[in-house]
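I have placed the structure first, in the form of structure tokens, so that the comments after it can refer back to it.
Chain identifiers are assigned alphabetically (A, B, ...) following the order of the sequence lines, protein sequences preceding nucleic acid strands; residue numbering begins at 1 within each chain.
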Amino acid sequence: MPARTRGAEGPEGRLDGRGPEGSQPERSDGRFAEALLAWYDRHARVLPWRVSPADLAAGIRPDPYRVWMSEIMLQQTTVAAVKGYFASFTERWPTVEALAGAADAEVMGAWAGLGYYARARNLLACARDVASQRGGRFPETAAELRSLPGVGEYTSAAIAAIAFDEPVAVVDGNIERIATRIACIETPLPAARRPIRALVQDLTPAKRPGDFAQAMMDLGATICTPRRPACVLCPVGEGCKARRQGRQELFPVKAAKGAKPAREGAAFVLRRTGDGAVWLRRRPPSGMLGGMSEPPTTDWSSRADGATGAEAAPVAADWRLVGFVRHGFTHFDLTLEVWTAEAGADPGIDGWWASPSTLDGEALPTLMRKVLERAAADQAGAAAI
DNA sequence: TATACGTGGAT
DNA sequence: TATCCAAGTAT
């Protein structure tokens with residue numbers, strides 16, 4: 001980077017294009033993107049779904065299917081959590097046509113544990129749409145991508161920029177954080193979305209928009225972090241208003257959250273005498289844990305009116321309370337009673353027997369795996385006595 | 001605009 | 001233990 005000039009912009013010069021919040025936006029002079037991309041060329045994270053800046057410069061293009069898959073998985077989910085799922089999905093279903101041909105239960109089972117299961121339902125719906133209606137080709141513009149199930153404002157822009165070189169503003173949580181620091185945007189999220197988008201659009205270069213977006217996300221993940229950002233290492237720190245004021249940790253400003261309510265219910269683990277298979281059923285196709293499998297549970301109600309206990313069981317049996325499972329969701333905390341019983345015959349309710357050897361492939365969310373573990377631990381304890 | 005929607009790791 | 005947080009979308 002050349003030395004900054006001190007001119008009409010003010011004593012700090014500018015690397016970005018900032019005016020005060022709410023003022024007429026000035027056009028970026030391109031130096032922000034230039035500095036960021038130079039840093040990215042040296043420090044880009046190596047990720048399984050990514051084409052390195054060097055390979056990209058050599059003409060290698062990312063596979064839109066893999067870009068799309070990674071972006072869906074990465075929604076509200078850490079890179080560390082996604083890596084294994086991305087590897088197994090792309091190995092099992094290497095193309096969008098292959099994924100489109102998968103059964104619902106296979107995909108839900110493969111997604112189990114990753115969370116936000118509407119993503120898996122939409123993933124399959126999107127794959128089937130692309131395979132059957134679009135000749136296996138993803139749309140190439142953000143506007144068209146936006147119409148696909150599970151592809152929203154962020155994801156459509158990310159795919160368009162990364163896979164198809166469209167110079168659209170890509171705004172995720174990292175980039176919101178960076179933008180609010182650069183410009184000291186005091187408006188709390190999510191109300192600050194509009195000025196943030198305007199700033200990011202202004203900074204986005206016509207060339208290498210995909211690398212720019214990924215560079216911003218790498219910057220947010222490794223330097224411009226939520227807590228204790230490493231400003232001394234920042235390649236664009238000179239253009240950051242918050243850093244100049246020593247207030248980088250005060251951004252982004254966020255709206256206050258309400259308290260998490262508590263809910264409770266009961267789960268009933270019916271074990272088949274002999275082989276230890278457990279009775280599972282499918283949850284309704286939408287809503288909480290929609291489309292996933294579970295041992296029968298009651299509704300999850302607020303603490304006062306919970307009708308729990310053995311009388312709430314789906315079938316009559318010699319039910320025993322063997323413990324509790326606590327699980328924190330985004331918007332409530334759940335405590336589930338875990339009841340077990342033995343059965344010699346089919347219970348006569350909707351569902352199926354899942355033997356221990358097939359349990360791994362079942363679409364069991366983490367909560368339900370905890371329930372089954374609690375039941376199994378009780379059985380192991382009883383056997384040891 | 002506000003709320004529903006998972007999970008695991010960090011502090 | 002409690003809280004926050006991560007490449008958001010749908011309604």
Side-chain angles (χ1 to χ4, degrees), chain A residues 45 47-50 66-86 108 111-123 125-126 145-163 169-178 187-194 197 200 210 212-222 224-229 249 252 254-263 283-292 294 300 326-334 363-370:
Chain A
R45 286 179 293 174
L47 298 170
W49 46 84
R50 185 179 273 185
R66 294 167 62 87
V67 173
W68 162 74
M69 175 82 71
S70 70
E71 291 300 342
I72 301 299
M73 289 184 169
L74 286 162
Q75 289 167 3
Q76 296 288 287
T77 308
T78 59
V79 166
V82 164
K83 279 182 175 172
Y85 286 85
F86 180 81
M108 299 312 286
W111 195 278
L114 197 55
Y116 283 146
Y117 299 102
R119 294 185 295 172
R121 303 193 298 268
N122 286 328
L123 186 85
C126 181
L145 286 159
R146 181 71 177 78
S147 66
L148 298 172
V151 177
E153 199 63 39
Y154 160 77
T155 303
S156 57
I159 298 171
I162 294 168
V170 178
V171 184
D172 76 328
N174 286 302
I175 296 170
E176 286 181 341
R177 185 170 60 254
I178 295 168
T187 308
L189 288 174
R193 291 258 153 79
R194 207 179 311 278
R197 172 164 302 282
V200 173
F212 178 80
Q214 292 175 97
M216 289 283 274
M217 292 189 269
D218 281 15
L219 186 73
T222 63
C224 197
T225 49
R227 284 165 297 218
R228 305 196 49 133
E249 295 194 54
K254 294 193 173 183
K257 302 176 183 177
K260 267 205 256 186
R263 295 187 192 179
R283 289 180 62 84
S286 64
M288 195 75 185
L289 308 178
M292 301 296 282
E294 64 169 9
W300 310 339
R326 306 185 62 159
H327 193 74
F329 291 107
T330 305
H331 53 299
F332 63 92
D333 288 316
L334 178 67
L364 288 163
T366 297
L367 163 67
M368 300 306 171
R369 291 194 185 272
K370 283 190 194 175

For [N] and [M], measure between their [atom1] atoms and round to the nearest Å.
{"N": "dG6(B)", "M": "dT11(C)", "atom1": "P", "answer": "14 Å"}
{"N": "dA6(C)", "M": "dT1(B)", "atom1": "C1'", "answer": "23 Å"}
{"N": "dC4(C)", "M": "dT3(B)", "atom1": "P", "answer": "16 Å"}

Determine the contact category for [X]: base if any of its heavy atoms lies under 4.0 Å from a base atom, sugar-phosphate if only primed atoms, P, OP1 or OP2 are that close, otherwise nothing.
{"X": "Val170(A)", "answer": "nothing"}
{"X": "Gln214(A)", "answer": "nothing"}
{"X": "Pro149(A)", "answer": "sugar-phosphate"}
{"X": "Ile162(A)", "answer": "nothing"}
{"X": "Trp49(A)", "answer": "base"}
{"X": "Thr155(A)", "answer": "sugar-phosphate"}

Practice item. Would you mind building the protein contact string for nucleotides 5-11 of chain B? One character per nucleotide, 5' to 3', B for base within reach (heavy atoms under 4.0 Å), S for sugar-phosphate only, - for untouched. Key: BBBS---
Point to revise | Nearest-nucleotide comparison on DNA chain C, the residue closer to the 5′ end among Lys254(A) and Gly152(A) | key: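 Going by which nucleotide is closer to the 5' end, it is Lys254(A).
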Review point. Relative to the 5' end of DNA chain C, which residue comes earlier, Arg177(A) or Arg146(A), by the nucleotide with the nearest heavy atom?
Key: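 This one resolves to Arg177(A).
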Separation of [N] [atom2] from [X] [atom1] (nearest whole Å):
{"X": "Glu153(A)", "N": "dT1(B)", "atom1": "CD", "atom2": "P", "result": "13 Å"}
{"X": "Met292(A)", "N": "dA4(B)", "atom1": "CE", "atom2": "C1'", "result": "17 Å"}
{"X": "Ile175(A)", "N": "dA6(C)", "atom1": "CD1", "atom2": "C1'", "result": "13 Å"}
{"X": "Leu145(A)", "N": "dT9(C)", "atom1": "CG", "atom2": "C1'", "result": "15 Å"}
{"X": "Trp68(A)", "N": "dG8(C)", "atom1": "CH2", "atom2": "P", "result": "17 Å"}
{"X": "Glu249(A)", "N": "dC5(C)", "atom1": "CD", "atom2": "C1'", "result": "15 Å"}
{"X": "Glu176(A)", "N": "dC5(C)", "atom1": "CD", "atom2": "P", "result": "12 Å"}
{"X": "Arg283(A)", "N": "dA4(B)", "atom1": "CZ", "atom2": "C1'", "result": "13 Å"}

Review point. For the rings on His331(A) and Phe329(A), is their centre-to-centre separation under 6.0 Å?
Key: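 Distance test on ring centres: not under 6.0 Å, no.
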Check your understanding: Just by distance, do the side chain of Thr225(A) and the backbone of Ala221(A) share a donor-acceptor pair under 3.5 Å?
Key ->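 Checked: no pair found.
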Review point. Nearest of dG8(C), dC5(C), dA10(C) to any side-chain atom of Lys257(A)?
Key: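 Taking heavy atoms from C-beta onward, the closest nucleotide is dC5(C).
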Review point. In chain order, what residues pass the salt bridge (Lys or Arg N to Asp or Glu O under 4.0 Å) check against Arg283(A), with sequence neighbours excluded?
Key: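 With sequence neighbours excluded, Arg283(A) shows a salt bridge (Lys or Arg N to Asp or Glu O under 4.0 Å) to Glu294(A), given in chain and number order.
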Practice item. For Arg369(A), enumerate each residue passing the side-chain hydrogen bond (donor to acceptor under 3.5 Å, both in side chains) test, keeping only those at least two apart in sequence or located in another chain. Key: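 Scan of Arg369(A) (side-chain hydrogen bond (donor to acceptor under 3.5 Å, both in side chains), adjacent residues dropped) gives none.
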Practice item. List for me each residue that meets side-chain hydrogen bond (donor to acceptor under 3.5 Å, both in side chains) alongside Asn122(A), sequence neighbours excluded, and say none if there are none. Key: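 Scan of Asn122(A) (side-chain hydrogen bond (donor to acceptor under 3.5 Å, both in side chains), adjacent residues dropped) gives none.
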Review point. Quick one: does Tyr154(A)'s side chain get under 4.5 Å of Ile175(A)'s, heavy atoms only?
Key: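 No, every pair of side-chain atoms sits at 4.5 Å or beyond.
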Practice item. Any pair with a residue in residues 112-121 of chain A that passes salt bridge (charged side-chain N to carboxylate O under 4.0 Å, His left out), sequence neighbours left out, goes on the list, sorted by first then second residue, please. Key: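 For residues 112-121 of chain A, and leaving out neighbouring residues, there are no salt bridge (charged side-chain N to carboxylate O under 4.0 Å, His left out) pairs at all.
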Point to revise | Any residue meeting ring-ring contact (aromatic ring centres under 6.0 Å, His included) with Tyr85(A), in chain and number order, not counting sequence neighbours | key: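 ring-ring contact (aromatic ring centres under 6.0 Å, His included) check on Tyr85(A) returns nothing, list empty.
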